[in-house]
Amino acid sequence: MADYDFDLFVIGAGSGGVRAARLAALSGAKVAVAEEYRVGGTCVVRGCVPKKFMVYASEVTSQLKTAKGYGWTIDDARFDWKTFLHEKDVEIARLSGIYVTNLQKAGAHLLHGRAQIVDAHTVEVLPKDGSDDAGTYTARKILVATGGRPVRPEFPGAELGITSDEAFHLPTLPKSVLVVGGGYIAVEFAGIYAGLGVQTTLLYRGANILRGFDDDVRMHLADELEKRGIKVVLGCSHKSIEKMDDGRLLSTLSNDLTFETEAVMFATGREPYVQGLGLEKAGVKLNDKGAIAVDKYSKTNVDSIWAVGDVTDRINLTPVAIREGAAFAQTEFYGKPTTFDHDLVASAVFSQPPVGAVGMSEAEARQAFGKVDIYRSVFRPMKVTFYGGQERCLIKLVVKQDDERIVGVHVVGPDSPEIIQMAAIAVKMGVTKPQWDSTCAVHPTLAEELVTMREKYVPAEVGGVG
């Protein structure tokens, strides 16, 4: 057998790569991990985790409103962006350090630098400032876990905008912002900015935000964003951006509408980070979306190379990348062939209000099964009714009619990400509506509405057909 420097070389120290590396190293394998930016990857460093801290900070605005409604007097409440950034960076550094420590404890060798594939068993690590890890290394197996990167659209002046990468490190908080996009990142940052007192406009070229989610969810969230002071502009896109004499940005849209804002943020999607990896040198194939093509075991067309996480563009969620990385390690280093089931993976959007969803939308279920039953409720949550707030929650169940199996659960409202985690267990196990209804409500909660809906919802345009 050939003699290699490492049994496994992992390119990318994000959630998926770190999990695979740790498990492989704990099996006794000799493992190396190369990271060009910071250990922890997008999620920990400039993704889910810092974004959630920003959500927490921005939610204080509505919490202060609630406090006033409940009789509290809170004077001189102010937000300091620089203080927040400092505390956020301290916590991110702590979390990144934990990832480093866990890799080291497992026995993995961490290399700081950008890795490129030379051939099916060879990786070159390019020098990084302050690092002496540059060199060429051989490995029996190579795992690519480089994640994704923000997409910046191409039109005159697009370079004047920022992406989510820069949003976490803005030196000052803008007074006004135009957020471009309609997916997770766009609606989340729109809520963040608005909550922090920034005049916020959300621009999306489609007919409604959150493409791929249930239509009721999309319409409901758009309405709720408007209630929170976010201007939602749909059905148009940028023509150009120009910098004005006062430093503000003039956005001209496809319908000739113009906006003057201090910042423009693009949240127009992410793409697999495959540029410059040298995949072509090893003959690794990409799919039609530019992602690394893999089988159910995350293996590429090259026998010695695998890929997990967003770089494969299957389900681009951190917990999925972790499970894919774990399955790879179990298969290749523990002799336990393991795959991750990508069906019925729940997701959360930390918009304001947040969204939780698992399973099919109503449209998907009708296309797949024909006849479905819908249970739907829109109501003001108990907390806001006390002081006359107008925010509303949406809960919706999609039920396959012939066997009464629940195939979709959708929640928009406070704590919906927490609620959907538990709902996902039942849906994954194939729960039926009668079984669901047999669960006693926990009162008073928002979640109790999920198990107390008995009347089928029939929209007027359906004409009485369930």
Side-chain angles (χ1 to χ4, degrees), residues 6-29 31 33 41-43 48 102 106 108 117 120-121 139-148 212 270 272-274 277 279 282-348 357-360 364 368 405 407-408 420-421 423-431:
F6 296 99
D7 297 306
L8 173 66
F9 196 106
V10 180
I11 303 177
S15 299
V18 167
R19 178 58 58 89
R22 286 181 59 203
L23 289 176
L26 289 170
S27 76
V31 178
V33 184
T42 297
C43 181
C48 324
N102 287 341
I117 295 174
H121 291 283
R140 190 179 310 279
K141 304 176 192 291
I142 297 171
L143 176 68
V144 181
T146 49
R270 295 175 66 83
Y273 186 34
V274 297
L277 280 180
L279 297 170
V284 176
K285 292 181 179 178
L286 305 182
N287 62 25
D288 56 1
K289 295 182 179 180
I292 297 178
V294 294
D295 64 14
K296 64 181 182 179
Y297 291 99
S298 297
K299 192 173 188 177
T300 72
N301 61 298
V302 178
D303 283 344
S304 58
I305 301 178
W306 289 254
V308 297
D310 291 10
V311 75
T312 67
D313 196 28
R314 287 176 282 184
I315 297 179
N316 297 334
L317 296 172
T318 295
V320 173
I322 291 171
R323 294 290 293 273
E324 289 171 354
F328 158 77
Q330 290 292 332
T331 301
E332 297 301 322
F333 292 93
Y334 290 85
K336 301 176 182 178
T338 305
T339 61
F340 173 66
D341 181 7
H342 291 81
D343 188 33
L344 293 175
V345 173
S347 61
V358 63
M360 293 180 168
E364 290 171 336
R405 181 164 57 90
V407 295
I420 210 66
Q421 177 68 83
I425 298 172
V427 174
K428 186 78 172 177
M429 294 177 69
V431 68

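Keep in mind the model is a prediction, meaning the values are calculated, not measured.
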Value for CZ (R323) from CZ (R19), rounded to nearest 0.5 Å, stands at 9.5 Å

Smallest heavy-atom separation, A20 atom then A329 atom, equals O-CB, 3.9 Å

Quick one: does any side-chain atom of T312 pair with a main-chain N or O of V308 as donor and acceptor, under 3.5 Å? no

Ignoring hydrogens and geometry, is there a side-chain-to-backbone donor-acceptor pair from D7 to A29 under 3.5 Å? no

Shortest non-hydrogen separation from I117 to A282 and the atoms involved: CG2-CB, 3.8 Å

V345 vs F340 side-chain heavy atoms within contact, under 4.5 Å: yes

Is there side-chain contact between L277 and V144, with heavy atoms separated by less than 4.5 Å? yes

Pairs where residues 328-344 contributes a residue and the test salt bridge (charged side-chain N to carboxylate O under 4.0 Å, His left out) is met, not counting sequence neighbours: K141-E332, D341-K428

Output the distance between atom CD1 (I305) and atom CD1 (I142), rounded to the nearest 0.5 Å. 4.5 Å

May I ask you to test the V407-V427 pair for a side-chain heavy-atom distance under 4.5 Å? no

Quick check: does any side chain N or O of T146 sit under 3.5 Å from a backbone N or O of Y273, one acting as donor and the other as acceptor? yes

Do you know the tightest heavy-atom contact between V358 and L344? CG2-O, 3.9 Å

In this structure, CD1 of I425 is separated from CD1 of I420 (nearest 0.5 Å) by 11.0 Å

Considering all heavy atoms of both residues, which atom of L317 and which atom of S347 are nearest to each other, and what is their separation? CD1-CB, 4.2 Å

Looking at R270, I want to see if its CZ is surrounded by more than 12 non-hydrogen atoms of other residues, nucleotides or ligands under 6.0 Å. yes

Spatial distance of atom CG (L8) from atom CH2 (W306) [nearest 0.5 Å]: 8.5 Å

Quick check: do F333 and V31 have side-chain heavy atoms less than 4.5 Å from each other? no

Nearest heavy-atom neighbours spanning P272 and D313: CG-CB, 4.3 Å

Please report the shortest heavy-atom distance between V302 and A120, naming the atom on each side. CG1-CB, 4.0 Å

Return all side-chain donor-acceptor pairs below 3.5 angstrom for residues 289-298, not counting sequence neighbours, or 'none' if the list is empty.
from	atom 1	to	atom 2	distance (Å)
D295	OD1	Y297	N	2.8
D295	OD1	S298	N	3.2
D295	OD1	K299	N	2.9
S298	OG	R314	NH1	3.4
S298	OG	R314	NH2	3.0

